[in-house]
Colleague: 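Can you keep this structure in mind? I'll have questions shortly.
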Amino acid sequence: MASNEFNQQNKRNNKVNICFPIIYGTIATPLPTHLTASQGHTHRWTAFLRSPQNFDLSTLILKVIFQLHETFEQPKRLIEKVPFEVTEVGWGEFDIIARIYLRDAIDKPVEIIFPLHLHPLQGPATNEPVISEFYDEIIFTDPSDILYN
């Protein structure tokens, strides 16, 4: 493909902003005691990236790489389709890094860092799931035609 064709297909839309809302975080559930003794794991948890309006994220996102704690057997998890999430078992809390690669290769990956909480931030520990989620917006300034359309 000639460079002029590439530039025409990936032209920028000046003076335009696109706001794309996302929700990311974790949900952790205590494991039954009989399952925790053999491996030392205390919780099953899921790290996720979602749309607050149930929008199909795969139209914008090519892949997400979740970076877990280095003690996991495979700490980098590549997810290339929805749902963009990782489920594991473990016993400790740590920060998770999610690198969001967009379908428009012109834009750099977006990196977010968020905590895995296994226990409630306030009050005593319970057997109820602990949900830790965050709302954010990815804003594209002068988006390419790929994102604009």
Side-chain angles (χ1 to χ4, degrees), residues 10-149:
N10 293 300
K11 75 176 181 106
R12 304 304 251 183
N13 292 280
N14 295 330
K15 299 180 182 177
V16 173
N17 288 328
I18 296 176
C19 177
F20 187 74
I22 58 171
I23 293 178
Y24 57 91
T26 60
I27 182 166
T29 306
L31 292 171
T33 307
H34 70 278
L35 295 177
T36 63
S38 65
Q39 297 284 331
H41 301 304
T42 60
H43 291 77
R44 176 176 313 284
W45 55 264
T46 299
F48 58 84
L49 171 69
R50 299 181 181 142
S51 164
Q53 295 104 2
N54 293 323
F55 176 77
D56 180 6
L57 292 178
S58 66
T59 61
L60 178 69
I61 297 174
L62 179 65
K63 63 184 175 183
V64 177
I65 297 177
F66 290 94
Q67 177 70 49
L68 309 180
H69 193 271
E70 62 192 27
T71 56
F72 280 88
E73 189 171 310
Q74 184 185 1
K76 280 189 181 180
R77 307 292 174 88
L78 171 63
I79 310 299
E80 296 182 293
K81 60 183 180 177
V82 292
F84 294 111
E85 60 184 41
V86 171
T87 299
E88 265 294 351
V89 292
W91 56 266
E93 299 180 330
F94 57 92
D95 285 340
I96 297 170
I97 301 170
R99 284 184 196 84
I100 305 167
Y101 291 82
L102 306 169
R103 292 211 170 270
D104 183 358
I106 292 174
D107 291 305
K108 294 180 181 177
V110 175
E111 185 173 282
I112 53 177
I113 301 172
F114 54 97
L116 166 61
H117 291 294
L118 301 180
H119 308 284
L121 295 177
Q122 298 177 354
T126 68
N127 285 329
E128 297 298 314
V130 174
I131 300 170
S132 174
E133 64 182 10
F134 304 89
Y135 174 89
D136 207 342
E137 295 172 344
I138 301 173
I139 298 178
F140 300 97
T141 302
D142 302 333
S144 71
D145 280 344
I146 294 171
L147 289 177
Y148 188 71
N149 295 326

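The first residue in the sequence is number 1, and the count goes up from there.
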Colleague: Side chains of Glu137 and Tyr135: is there a donor and an acceptor less than 3.5 Å apart?
Modeller: yes

Colleague: For a quick test of reading the model, state the closest non-hydrogen atom pair linking His41 to Val89 and the distance between them.
Modeller: CD2-CG2, 3.6 Å

Colleague: In Å, rounded to the nearest 0.5 Å, how long is the span from CZ of Arg50 to OH of Tyr24?
Modeller: 14.0 Å

Colleague: Report all side-chain donor-acceptor pairs from residues 112-124 shorter than 3.5 Å, counting only partners two or more places apart or in another chain.
Modeller:
none

Colleague: Quick one: pull up OG1 in Thr29 and CZ in Arg44 and give me the separation to the nearest 0.5 Å.
Modeller: 8.5 Å

Colleague: Do Ile96 and Trp45 have side chains that get closer than 4.5 Å, going by heavy atoms?
Modeller: yes

Colleague: Which is it for Phe55 and Phe20 under the ring pair (Phe, Tyr, Trp, His ring centres under 6.0 Å) test, yes or no, and what are the steps along the way?
Modeller: CA-CA 10 Å; Phe55 176 77; Phe20 187 74; 5.4 Å; yes

Colleague: Sequence neighbours left out, cut at 3.5 Å: what donor-acceptor pairs do the side chains of residues 61-75 make with other protein atoms?
Modeller:
{"residue": "His69", "atom": "ND1", "partner": "Thr71", "partner atom": "N", "Å": "3.1"}
{"residue": "His69", "atom": "ND1", "partner": "Thr71", "partner atom": "OG1", "Å": "2.8"}

Colleague: Locate the shortest heavy-atom distance separating Ser58 from Val82; write the atom from each residue and the value.
Modeller: N-CG1, 3.9 Å

Colleague: Take atom CG in Asn127; do more than 12 heavy atoms of anything else shown fall under 6.0 Å from it?
Modeller: no

Colleague: Heavy-atom distance under 4.5 Å between the side chains of Ile23 and Phe48, does that happen here?
Modeller: yes

Colleague: Any idea which heavy atoms bring Ile79 and Pro83 closest together, and the distance?
Modeller: CG2-O, 3.6 Å

Colleague: For Pro21 and Pro52, work out which heavy atoms get closest and say how close.
Modeller: O-CD, 3.5 Å

Colleague: So Ile97 and Glu111, do their side chains get closer than 4.5 Å, heavy atoms only?
Modeller: yes

Colleague: Taking salt bridge (charged side-chain N to carboxylate O under 4.0 Å, His left out) as the test, write out the residues that go with Glu80, two or more places apart.
Modeller: none

Colleague: Could you tell me the separation between the CD1 atom of Ile22 and the CG atom of Asp136, rounded to the nearest 0.5 Å?
Modeller: 5.5 Å

Colleague: For Gly40 and Trp91, which heavy atoms make the closest approach, and how far apart are they?
Modeller: O-CB, 3.5 Å

Colleague: Give, for atom CD1 of Ile138 and atom CD1 of Ile100, the distance between the pair rounded to the nearest 0.5 Å.
Modeller: 4.5 Å

Colleague: Testing the basics here: between His43 and Ala28, what is the closest heavy-atom pair and its distance to 0.1 Å?
Modeller: CD2-CB, 4.5 Å

